[in-house]
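Everything below concerns the one structure shown next.
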Amino acid sequence: KQEVTQIPAALSVPEGENLVLNCSFTDSAIYNLQWFRQDPGKGLTSLLLIQSSQREQTSGRLNASLDKSSGRSTLYIAASQPGDSATYLCAVRTTNAGKSTFGDGTTLTVKP
Amino acid sequence: GAVVSQHPSWVICKSGTSVKIECRSLDFQATTMFWYRQFPKQSLMLMATSNEGSKATYEQGVEKDKFLINHASLTLSTLTVTSAHPEDSSFYICSRFYTDTQYFGPGTRLTVL
């Protein structure tokens, strides 16, 4: 059974800092991994999707990496802004028809 | 990307009543949709997989008679919480996949008094 862990559970940084969020999974035979952002009381917004054959994906100030052999993914946020404050979740899919397994998320606070 | 809507965005009901939540895939047809619930400061818990034209697949521990799912068309799935009780108060979110990316609706906040 796939298990997904996100560390740390919460993170507070001053504006402008670069930061890394971690996601680890127990079964390395994954189909893809997706990072989401969730604002309080809202649904999830897709940030980046990494297929199992890929090592990283980039979108603006966000960069996600994937190391299947070690069962890890990181989300790098450059030059953080207060608007980046949210909960970030990663989700792992084992097959193309399978359901996603979510981590518990990292709640990020960026202080002005 | 795919656009998923939910209605209502929030609902308050009395204990013992039933509440229906709609999830619509606005721009693409969806043969499969997913229903999650989320408690405060917790992650998402998959409740069931909604299959167009057939029965939903429920996760272990989810009461299928309490959480009725209907997927009558390729753009609409509904979740009905029957005989709701205060412990059913939660945030319910639906989702669907499009080209491997999972898209979520905005969620429905249910409060049972």
Side-chain angles (χ1 to χ4, degrees), chain A residues 1-11 21 23-25 30-54 57 59 62 64 66 85-109, chain B residues 1-11 21-26 30-51 56-62 69 89-111:
Chain A
K1 177 186 174 185
Q2 180 73 270
E3 293 181 3
V4 180
T5 304
Q6 291 186 246
I7 294 173
L11 180 65
L21 306 181
C23 172
S24 61
F25 45 94
I30 68 170
Y31 179 70
N32 62 31
L33 183 147
Q34 193 169 354
W35 282 93
F36 295 89
R37 168 188 173 134
Q38 185 177 30
D39 293 289
K42 306 292 185 182
L44 279 68
T45 300
S46 177
L47 297 174
L48 290 164
L49 171 72
I50 308 179
Q51 300 289 3
S52 62
S53 59
Q54 299 173 324
Q57 282 288 323
S59 176
L62 305 179
L66 175 64
S85 298
T87 297
Y88 292 81
L89 298 102
C90 68
V92 175
R93 212 175 174 198
T94 306
T95 68
N96 64 345
K99 53 199 176 189
S100 299
T101 301
F102 281 81
D104 288 339
T106 295
T107 298
L108 172 66
T109 302
Chain B
V3 180
V4 181
S5 71
Q6 280 185 244
H7 177 80
S9 56
W10 59 269
V11 57
I21 302 171
E22 294 185 347
C23 175
R24 293 183 184 275
S25 178
L26 297 181
T31 57
T32 303
M33 301 180 84
F34 300 87
W35 286 97
Y36 294 82
R37 68 185 297 181
Q38 185 179 35
F39 292 105
K41 299 189 184 302
Q42 294 187 23
S43 191
L44 281 74
M45 183 193 82
L46 179 64
M47 300 175 65
T49 301
S50 174
N51 304 300
T57 305
Y58 290 83
E59 295 300 302
Q60 189 173 9
V62 177
I69 291 174
S89 297
S90 189
F91 191 58
Y92 293 87
I93 319 176
C94 67
S95 80
R96 62 146 300 170
F97 282 90
Y98 177 68
T99 61
D100 284 344
T101 299
Q102 189 168 12
Y103 295 93
F104 284 82
T108 296
R109 172 73 59 192
L110 170 63
T111 301

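Since we're looking at a predicted model, the values are computed, not measured. We use all heavy atoms of the structure for the numbers below, so side chains are in, but hydrogens, waters and symmetry mates are not. Just so we're on the same page: letters track the sequence lines, and every chain starts at 1.
Nearest heavy atoms, Gln34(A) versus Thr101(B): NE2-CG2, 3.1 Å. Residues Phe91(B) and Gln38(A) come closest through the heavy atom pair CE2-NE2, 4.0 Å.
The closest donor-acceptor contact from the side chain of Ser43(B) to the backbone of Gly103(A) lies under 3.5 Å.
Looking at Leu44(A), both its backbone and its side chain come within 4.5 Å of chain B, counting heavy atoms on both sides. Heavy atoms closer than 4.5 Å to chain A are found nowhere in Gln6(B), neither backbone nor side chain. For a residue to count as touching a neighbouring chain, one of its non-hydrogen atoms must lie under 4.5 Å from one of that chain's; by this rule Gln51(A) touches chain B with the side chain only.
Contact count against chain A (heavy-atom pairs under 4.5 Å) is highest for Leu44(B) among Thr32(B), Thr49(B), Leu44(B). Taking chain A as the reference chain and counting heavy-atom pairs below 4.5 Å, the highest number among Trp10(B), Phe34(B), Tyr36(B) is found for Tyr36(B). Annotation: maximal heavy-atom pairing with chain B below 4.5 Å, among Pro40(A), Gly41(A), Ala91(A), occurs at Gly41(A). Of the listed residues Gln42(B), Met45(B), Gln102(B), the one with more heavy-atom pairs under 4.5 angstrom with chain A than any other is Gln102(B). Per-residue counts of heavy-atom pairs under 4.5 Å with chain B were compared for Thr101(A), Asn32(A), Thr87(A), Thr45(A); the largest is that of Asn32(A).
Between Lys41(B) and Thr107(A) the shortest side-chain heavy-atom distance does not fall below 4.5 Å.
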